[in-house]
Student: 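So that we are looking at the same thing, I have put the structure below in C-alpha cells.
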Amino acid sequence: MIRNATAADVPVIHAMVRELAAYEKAPHEARATEEQLREALFGERPAAFAHVAETDDGEVVGFALWFLNFSTWRGVHGIYLEDLYVRPERRGGGYGKALLTELARICVERGYERLEWSVLDWNEPSIAFYRALGAVAQDEWTVFRLTDGALGTLGAPAGR
C-alpha cells in the first residue's frame, strides 16, 4: 500500500500537488514543474523524498513529500512533512494514516525525534485527523516566510 516513490511517479505526484494547491485555495502558487520535482527527488543530490500510497491494483492515490530538518535542542534530525495528500475519493481508506505511519517508522528506525508539518488553520478535517493520531499543535509558534520580492531584496548583494 505504501512504497518509496520512483521517477515514474513524478507525473502523478505533480498532478496531486496541483490538486492540493487547489484544495488549499492557492492554485496560482503551485509553480513547480515535473522537471523540478524529478530533480529534487531523484537528481544527483536529492533534497526531498516521497512515498506514495497505492490501491491493490497499483493506482497511486496519495503521497507524502518530506525532507530532513535538524533540531539544535535535541541534536538529531527529524522529518519535515511538506505535503501529505490523498485524493478526495480515497479519503477514509487509511491511506493518509499509512503514509504518516511510514514516516513515523522511519523516524523511529533512524533515531529521529520529530515528525513535523504545517496545516492551514481552517482545515478542520485534517486538524481533527492529526489530533486523533496524537499530534499536538504548536500554537506558540508562528511561521514566517520570505519569498519573491522580499527574499530578493534581503538576499541581494550589498550595493545593489
Side-chain angles (χ1 to χ4, degrees), residues 1-6 9-32 34 36-38 40-42 46-147 151:
M1 183 188 288
I2 304 302
R3 63 172 174 78
N4 290 331
T6 66
D9 296 313
V10 168
V12 71
I13 292 170
H14 183 258
M16 287 189 287
V17 167
R18 308 275 310 155
E19 292 169 24
L20 176 59
Y23 174 77
E24 292 184 350
K25 303 176 177 123
H28 58 284
E29 293 183 35
R31 301 184 301 215
E34 285 185 27
Q36 287 172 313
L37 285 176
R38 188 173 286 103
L41 293 168
F42 304 106
F49 308 92
H51 286 78
V52 295
E54 286 185 324
T55 62
D56 290 338
D57 63 358
E59 176 190 2
V60 175
V61 297
F63 78 100
L65 195 144
W66 56 278
F67 54 88
L68 295 179
N69 59 14
F70 184 81
S71 169
T72 56
W73 289 17
R74 295 200 174 207
V76 296
H77 283 298
I79 286 177
Y80 186 84
L81 175 60
E82 180 64 23
D83 284 334
L84 175 70
Y85 182 76
V86 175
R87 289 196 154 138
E89 66 275 12
R90 297 298 187 155
R91 292 180 188 155
Y95 297 106
K97 183 177 181 182
L99 285 161
L100 284 170
T101 298
E102 176 61 11
L103 297 186
R105 185 196 65 74
I106 292 168
C107 285
V108 170
E109 179 180 274
R110 297 180 186 178
Y112 302 162
E113 295 187 14
R114 290 181 179 167
L115 172 55
E116 297 179 310
W117 62 91
S118 297
V119 61
L120 291 165
D121 58 6
W122 56 259
N123 192 345
E124 289 299 328
S126 293
I127 291 169
F129 169 67
Y130 299 142
R131 285 192 170 138
L133 295 176
V136 178
Q138 301 296 295
D139 295 330
E140 69 275 13
W141 293 89
T142 300
V143 175
F144 281 83
R145 178 179 295 158
L146 280 171
T147 61
L151 179 63

Student: Taking atom CG of Asp56 as the centre, report whether more than 12 heavy atoms of other residues, nucleotides or ligands fall under 6.0 Å from it.
Tutor: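 Open: at most 12 neighbouring heavy atoms sit under 6.0 Å from CG of Asp56.
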Student: Minimum heavy-atom separation for Ala137 to Arg131, with atom names?
Tutor: CB-NH2, 3.9 Å
Student: Give the ring-plane orientation class for Trp66 versus His51, where under 30° counts as parallel, over 60° as perpendicular and anything between as tilted.
Tutor: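 Judged by the thresholds at 30° and 60°, the geometry between Trp66 and His51 is parallel.
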Student: Roughly how far apart are Arg114 CZ and Ser71 OG, rounded to 0.5 Å?
Tutor: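 Rounded to the nearest 0.5 Å, the CZ-OG separation comes out at 3.5 Å.
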Student: Checking Asn69 side chain against Gly78 main chain: does a donor-acceptor pair fall under 3.5 Å?
Tutor: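 The answer is yes, because a donor-acceptor pair under 3.5 Å joins these two groups.
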Student: Would Arg91 count as a cation-pi partner of Tyr23, with NZ or CZ less than 6.0 Å from the six-membered ring centre and within 45° of the ring normal?
Tutor: yes
Student: For Thr6, is there any backbone N or O sitting under 3.5 Å from a side-chain donor or acceptor partner on Asp9?
Tutor: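 Yes; judged by distance alone, with no hydrogens or angles, the pair exists.
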Student: Closest approach of Leu81 and Ala64, non-hydrogen atoms and distance?
Tutor: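 In this case the closest contact between Leu81 and Ala64 is CD1-CB, 3.8 Å.
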Student: To the nearest 0.5 Å, what is the distance between CG (Leu68) and SG (Cys107)?
Tutor: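 The SG atom of Cys107 is 9.0 Å from CG of Leu68, to the nearest 0.5 Å.
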Student: With no hydrogens and no angle check, do the side chains of Tyr95 and Thr55 hold a donor and an acceptor under 3.5 Å apart?
Tutor: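 Checked: Tyr95/Thr55 side chains show no N/O donor-acceptor pair below 3.5 Å.
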Student: Please find the pair of heavy atoms, one from Leu99 and one from Tyr85, that lie closest to each other, and give the distance.
Tutor: CD1-O, 4.5 Å
Student: Rounded to the nearest 0.5 Å, what's the gap from CG on Leu37 to CD1 on Ile13? Could you check?
Tutor: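 Here the rounded value is 7.5 Å.
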Student: Distance check, rounded to the nearest 0.5 Å: Ile2 atom CD1 versus Thr101 atom OG1?
Tutor: 8.5 Å
Student: Mind running side-chain contact (heavy atoms from CB on, under 4.5 Å) on Ile79 and Glu116 for me, showing each step along the way?
Tutor: CA-CA 6 Å; Ile79 286 177; Glu116 297 179 310; over 6 Å; no
Student: With side-chain contact (heavy atoms from CB on, under 4.5 Å) as the test, would you mind laying out the steps for Arg87 and Glu19 before giving the verdict?
Tutor: CA-CA 8 Å; Arg87 289 196 154 138; Glu19 292 169 24; 2.8 Å; yes
Student: Taking 4.0 angstrom as the limit, do Glu102 and Arg3 come out as a salt bridge?
Tutor: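 Looking at Arg3 together with Glu102, the answer is no, because their closest N to O distance does not fall below 4.0 Å.
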Student: Ala48 and Leu65: which non-hydrogen atoms are nearest, and at how many Å?
Tutor: CB-CD2, 3.9 Å
Student: Taking all non-hydrogen atoms of both residues into account, name the closest pair between Leu115 and Leu100 and its distance.
Tutor: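 Taking every non-hydrogen atom into account, CD2-O, 4.2 Å.
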Student: Taking side chain as C-beta onward, heavy atoms only, is Thr142 less than 4.5 Å from Phe144?
Tutor: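 Of all side-chain heavy-atom pairs linking Phe144 with Thr142, at least one is under 4.5 Å.
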Student: Please test Arg31 against Glu29 for side-chain contact (heavy atoms from CB on, under 4.5 Å), starting from the C-alpha separation and ending with a verdict.
Tutor: CA-CA 6 Å; Arg31 301 184 301 215; Glu29 293 183 35; over 6 Å; no
Student: Tell me, yes or no, whether the heavy-atom count around Trp122 atom CH2, taken from other residues, nucleotides or ligands under 6.0 Å, exceeds 12.
Tutor: yes
